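Heads up, the thing below is written out as structure tokens.
The structure displayed is predicted, hence computed values, not measured ones. Throughout, protein chains are lettered first and strands after them, A, B, ... in sequence-line order, and every chain is numbered starting at 1.
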Number of protein chains: 2
Amino acid sequence: MANRFVQKLSGLADLDADDAAALERVTAKPRRYVARQDLIREGDEPGPMFVVLEGWVCRYKILPSGSRQIMAFLMPGDACDLHIKLLAQMDHGIQAITTASVATVSREQMESMMRDHPNIARTMYMAQLVDEGIMRAWIVSMGRRSAAERVAHLICELYLRARSIGLTGEGEFALPLSQLVLADALGMTAVHINRVLKELRLAGAMALTRGSVTILDPVKLVQIAGFDENYLHRRLLLTGLSAR
Amino acid sequence: MANRFVQKLSGLADLDADDAAALERVTAKPRRYVARQDLIREGDEPGPMFVVLEGWVCRYKILPSGSRQIMAFLMPGDACDLHIKLLAQMDHGIQAITTASVATVSREQMESMMRDHPNIARTMYMAQLVDEGIMRAWIVSMGRRSAAERVAHLICELYLRARSIGLTGEGEFALPLSQLVLADALGMTAVHINRVLKELRLAGAMALTRGSVTILDPVKLVQIAGFDENYLHRRLLLTGLSAR
DNA sequence: ATTGGATAATAACATTCATCAATATCCGAG
DNA sequence: CTCGGATATTGATGAATGTTATTATCCAAT
């Protein structure tokens with residue numbers, strides 16, 4: 001299955017060949033972005049919906065103090081808000097982390113596709129609900145988990161999301177995020193995340209080297225994270241990657 | 001304007017009398033909940049959409065350690081996820097904080113209303129986007145703001161939300177949240193929030209007494225919070241309650 | 001191969017916040 | 001009114017994390 005958008009949505013519900021063809025059609029002409037390039041900035045007027053096909057992208061916000069908080073990672077197959085055009089201006093920016101290939105889908109295209117393919121509409125709404133669940137999980141992590149737990153939890157989340165679009169190897173996957181980027185996502189400093197990564201490595205749970213994560217002991221990692229995959233609402237994960 | 005749901009949505013877009021009547025119709029038979037009563041629990045199968053008409057409600061999650069994280073406050077006029085029925089089970093619970101009056105709207109009712117009133121559909125989607133913006137703002141707060149900044153930011157948010165449904169007085173509003181509840185929402189301990197509240201009181205920014213907040217110095221409060229109301233996407237706020 | 005900027009690793013010290021503990025205050029049930 | 005549980009206040013102490021600084025490593029451009 002070539003198209004990541006189709007692949008991602010297929011992880012949430014059954015799509016027929018017709019649905020898949022429609023999804024491929026609207027994402028046929030992606031645009032390339034280089035690392036650190038903004039897809040859209042805070043304050044801009046919202047435009048078409050973005051669908052990431054290759055590479056990693058994030059939602060972020062810069063505070064007056066200059067510090068940055070990343071609020072979401074978008075990986076291949078992920079789309080940003082369906083109805084975003086309804087708002088007068090963006091309350092956050094969206095930026096490529098790596099070189100990325102991103103398709104844009106106009107509101108009109110989207111609406112006609114959803115009208116003609118109710119199953120796609122359903123699945124897109126599910127994807128939206130899952131994204132909200134992920135945001136809530138981030139809130140929980142930031143509020144009530146220690147730094148090590150938070151790192152472990154994020155890695156579990158990203159591993160499963162990568163896995164559901166076929167981007168994982170054997171207990172290992174590509175994670176093109178610098179420690180600085182991870183720190184900005186987890187609300188900690190780059191120095192501290194480095195300490196925590198060492199700790200997780202020495203504990204034999206996981207090891208992050210430039211560009212890739214090795215899950216040394218899934219059970220231990222899940223236990224540290226207190227991870228429960230339920231909130232990702234994927235069908236057929238059967239990973240054994242859950243706490244309770 | 002009696003119905004808080006109508007009032008809240010009117011703060012986002014223009015609704016005509018017909019729209020208002022339809023909204024009132026679907027929320028005509030609310031049910032009462034007592035404080036601490038669950039509307040729905042984590043693991044339950046999602047049912048109808050909830051619309052809060054009176055009182056305060058929260059989304060929350062209990063961690064294995066027993067600590068609680070509140071992920072959202074719903075006040076009168078607020079509704080929970082439109083399409084929630086698409087998911088097999090809830091990944092978090094929803095609970096009344098105070099005595100609350102809550103209407104339930106079935107997916108069928110909702111869909112037929114949105115079909116007959118495209119303007120309502122539009123506005124509900126806007127409300128959903130705003131709720132996401134609020135979640136993102138919480139992530140930013142938890143990740144990059146100090147305890148005092150976080151408290152100040154939440155109070156600014158809640159003040160404006162309360163204001164847009166007519167629940168505020170002169171630089172003051174009813175906030176029926178115990179320090180423990182606030183702590184669970186802000187990812188801190190009850191002890192620490194108590195200290196921070198004292199600090200904010202001594203700084204002359206705001207004072208919280210049982211059940212109500214007095215904003216002593218709006219400019220100072222906004223400045224401490226680094227608050228920018230933009231993300232609430234309300235029309236006509238004109239509050240002067242923003243940082244930049 | 002060499003260089004320079006970004007990234008990573010480590011240490012010393014400072015700060016924020018959690019934890020534990022004790023007391024005070026409020027408010028509803030009787 | 002008064003009793004008791006929930007809530008709020010305050011202090012002392014320690015753990016987790018931020019800050020600043022220095023050095024090491026990687027990698028892309030020359």
Side-chain angles (χ1 to χ4, degrees), chain A residues 34-37 56 63 65-70 95-99 141-154 174-203 206-214 224, chain B residues 34-36 56 63 65-70 95-99 141-152 154 174-203 206-214 224:
Chain A
V34 301
R36 291 197 183 73
Q37 188 177 357
W56 286 58
L63 300 203
S65 69
S67 65
R68 177 172 75 154
Q69 178 65 44
I70 289 175
Q95 185 172 90
I97 294 175
T98 63
T99 302
S141 270
M142 307 269 258
R144 291 293 184 217
R145 281 192 252 261
S146 71
E149 292 165 353
R150 238 178 303 164
V151 171
H153 200 277
L154 180 63
L175 188 76
L177 307 178
S178 71
Q179 295 184 1
L180 188 62
V181 168
L182 283 173
D184 282 344
L186 292 166
M188 42 207 269
T189 59
V191 172
H192 194 57
I193 208 176
N194 183 281
R195 284 192 278 247
V196 166
L197 286 171
K198 182 179 181 183
E199 180 191 321
L200 289 170
R201 190 174 350 109
L202 294 180
M206 56 165 279
L208 185 150
T209 57
R210 277 168 195 271
S212 102
V213 171
T214 307
I224 292 171
Chain B
V34 301
R36 291 198 183 71
W56 286 59
L63 300 203
S65 69
S67 65
R68 177 173 75 154
Q69 178 66 44
I70 289 174
Q95 185 173 91
I97 294 176
T98 63
T99 303
S141 271
M142 307 270 258
R144 293 292 184 216
R145 282 193 252 260
S146 72
E149 292 164 353
R150 238 179 300 162
V151 171
L154 180 63
L175 188 75
L177 307 177
S178 71
Q179 294 184 4
L180 187 62
V181 167
L182 283 172
D184 282 344
L186 292 166
M188 42 206 272
T189 59
V191 172
H192 195 57
I193 210 177
N194 182 281
R195 284 194 267 255
V196 166
L197 286 172
K198 181 179 180 180
E199 181 191 320
L200 288 170
R201 192 176 346 113
L202 293 179
M206 56 165 279
L208 184 150
T209 59
R210 280 169 193 271
S212 102
V213 171
T214 307
I224 292 172

**Asked** With a 3.5 Å cut-off and just heavy-atom distances, do the side chain of Arg195(B) and the base of dT19(C) make a donor-acceptor pair?
**Response**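 Checked by distance alone, the answer is yes.
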Quick one: closest heavy-atom pair of [X] and [Y], and the distance?
{"X": "Ala190(B)", "Y": "Ala183(B)", "result": "N-CB, 3.7 Å"}
{"X": "Leu197(A)", "Y": "Gln179(A)", "result": "CD1-NE2, 3.6 Å"}
{"X": "Val196(B)", "Y": "Ala147(B)", "result": "CG2-CB, 3.8 Å"}
{"X": "Thr98(A)", "Y": "Trp56(A)", "result": "OG1-N, 2.9 Å"}

In whole angstroms, how far is the [atom2] atom of [N] from the [atom1] atom of [X]?
{"X": "Asn194(A)", "N": "dT20(D)", "atom1": "CG", "atom2": "P", "result": "18 Å"}
{"X": "Asp184(B)", "N": "dA18(C)", "atom1": "CG", "atom2": "P", "result": "11 Å"}
{"X": "Leu197(A)", "N": "dT17(D)", "atom1": "CG", "atom2": "P", "result": "13 Å"}
{"X": "Glu199(A)", "N": "dA8(C)", "atom1": "CD", "atom2": "P", "result": "18 Å"}
{"X": "Arg144(B)", "N": "dC17(C)", "atom1": "CZ", "atom2": "P", "result": "14 Å"}
{"X": "Leu200(B)", "N": "dA8(D)", "atom1": "CG", "atom2": "P", "result": "16 Å"}
{"X": "Ile193(A)", "N": "dT19(D)", "atom1": "CD1", "atom2": "C1'", "result": "17 Å"}
{"X": "Met188(B)", "N": "dA8(D)", "atom1": "CE", "atom2": "P", "result": "13 Å"}

Distances under 3.5 Å only, N/O to N/O: pair up the protein atoms with those of nucleotides 2-7 of chain C.
from, atom 1, to, atom 2, distance (Å)
dT7(C), OP1, Arg36(A), NH2, 2.9

**Prompt:** Taking the side chain of Arg201(A) as heavy atoms from C-beta outward, which of dT19(D), dA12(D), dA9(C) is closest to it?
**Reply:**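 Nearest to the side-chain atoms of Arg201(A), counting from C-beta on, is dA9(C).
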**Request:** Looking only at side-chain atoms of Val191(B), point me to the closest of dA11(C), dC17(C), dA21(C).
**Result:**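 Selected nucleotide: dA21(C).
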**Message:** Could you check whether His192(A) and Arg195(A), counting side-chain N and O atoms only, form a donor-acceptor pair closer than 3.5 Å?
**Reply:**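 Yes, a side-chain donor-acceptor pair sits under 3.5 Å.
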**Partner residues of Thr209(A) under the side chain to side chain donor-acceptor pair (under 3.5 Å) criterion, sequence neighbours left out** =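 If we apply the side chain to side chain donor-acceptor pair (under 3.5 Å) test to Thr209(A), skipping adjacent residues, there are no hits.
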**Prompt:** How many angstroms lie between CD in Glu199(B) and CD1 in Ile224(B), if you round to the nearest 0.5 Å?
**Reply:**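 It comes to 7.5 Å.
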**5'-most by nearest nucleotide on DNA chain C - Ala190(A) or Ala148(B)** =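 The residue mapped nearer the 5' terminus is Ala190(A).
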**Prompt:** Given that Gly143(A) and Leu208(A) both sit by DNA chain C, which one's nearest nucleotide is further toward the 5' end?
**Reply:**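 Going by which nucleotide is closer to the 5' end, it is Leu208(A).
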**Item:** N/O (side chain, Lys198(A)) to phosphate O (OP1/OP2, dA9(C)) under 4.0 Å
**Value:**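 No, outside the criterion.
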**Item:** Side chain to side chain, Asp184(A) and Arg144(B), heavy atoms closer than 4.5 Å
**Value:**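 Yes - at least one pair of side-chain heavy atoms lies under 4.5 Å apart.
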**Prompt:** In a check of side-chain contact (heavy atoms from CB on, under 4.5 Å) between Leu208(B) and each of Asn194(B), Leu200(B), Val213(B), Ile193(B), which one passes?
**Reply:**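 Option passing the side-chain contact (heavy atoms from CB on, under 4.5 Å) with Leu208(B): Val213(B).
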**Request:** Using atom types as modelled and distance alone, determine if a side-chain donor or acceptor of Ser141(B) lies under 3.5 Å from a backbone N or O of Arg150(B).
**Result:**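 No; judged by distance alone, with no hydrogens or angles, the pair does not exist.
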**Prompt:** Which is true for Gly187(B) with a 4.0 Å heavy-atom rule: it touches a base, it touches only sugar-phosphate, or it touches nothing?
**Reply:**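 Sugar-phosphate, backbone atoms only, no base.
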**Request:** Please round to 10 degrees the angle between the axis of the first five pairs and the axis of the last five pairs in the helix from dA1(C)-dT30(D) to dG30(C)-dC1(D).
**Result:**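 Here the local axes at opposite ends form an angle of 50°.
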